[in-house]
Every structure is written in structure tokens, then in C-alpha cells.
Amino acid sequence: MIFFYIELMAKHHEIGKLGEQMAINYLLKQGYNILHQNWRKGHWEIDVLATKNQKLHIIEVKTATWDT
């Protein structure tokens with residue numbers, strides 16, 4: 001059972017990384033300048049820090065999957 005849990009967590013992280021990369025690709029196409037990805041300070045994390053039009057944008061990415 002522990003092996004199954006670890007396998008699910010690995011899959012979960014892969015999906016999360018894919019979602020963040022898709023978000024970054026979208027932001028770049030929209031003209032954003034990506035400053036940092038997965039910025040950490042202590043236990044805090046910001047998925048994406050970006051700028052556009054002289055404004056700082058703090059972006060939290062959520063990725064979901066479903067069966068069809």
C-alpha cells in the first residue's frame with residue numbers, strides 16, 4: 001500500500017509541474033516576463049512571479065485532471 005501511495009504522489013507532482021509549464025507558456029504568449037517559478041520563503045511558495053506593463057503579478061497555478 002505504501003508503494004501505491006508513493007506512485008500516486010509522483011503522478012500528482014508530474015501533473016502539477018505540467019500545469020505550471022502550461023501556465024508559463026500561456027503567460028509568455030500574452031507578453032508577461034517570467035521573473036521566477038516556485039519562489040520559496042520559509043514554508044511559503046509562489047508558483048509564478050511575472051511582470052507586465054510595469055506591474056508585478058503573483059500567480060497561483062491549480063491543475064486538475066478528470067476521467068472522461
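Numbers here simply count residues along the sequence, with the first being 1. All values below come from the heavy atoms of this structure, side chains included, with hydrogens, waters and symmetry mates left out.
For Q54, the side-chain contact (heavy atoms from CB on, under 4.5 Å) test picks out no residue, with sequence neighbours left out. Looking at residues two or more places apart in sequence or on another chain, you find no salt bridge (Lys or Arg N to Asp or Glu O under 4.0 Å) involving K55. With sequence neighbours left out, the side-chain contact (heavy atoms from CB on, under 4.5 Å) criterion links A50 to Y32, I34, V48, I59.
Heavy-atom contacts from other residues, nucleotides or ligands closer than 6.0 Å to NZ of K17 number 12 or fewer.
In terms of heavy atoms, V61 sits closest to A23 at CG2-CB, 3.8 Å. Smallest separation of non-hydrogen atoms from R40 and E45: NH2-OE1, 3.7 Å.
Among residue pairs with one or both ends in residues 19-29, those qualifying as side-chain hydrogen bond (donor to acceptor under 3.5 Å, both in side chains) are E20-Q37, E20-N38, Q21-N25; sequence neighbours excluded.
Other members of the cluster containing L18 are M22, with ILVMFWY side chains joined at under 4.5 Å, either directly or via other members. Hydrophobic clustering, defined by side-chain heavy atoms of Ile, Leu, Val, Met, Phe, Trp and Tyr closer than 4.5 Å, groups L35 together with W39, I46, L49, L56, I58.
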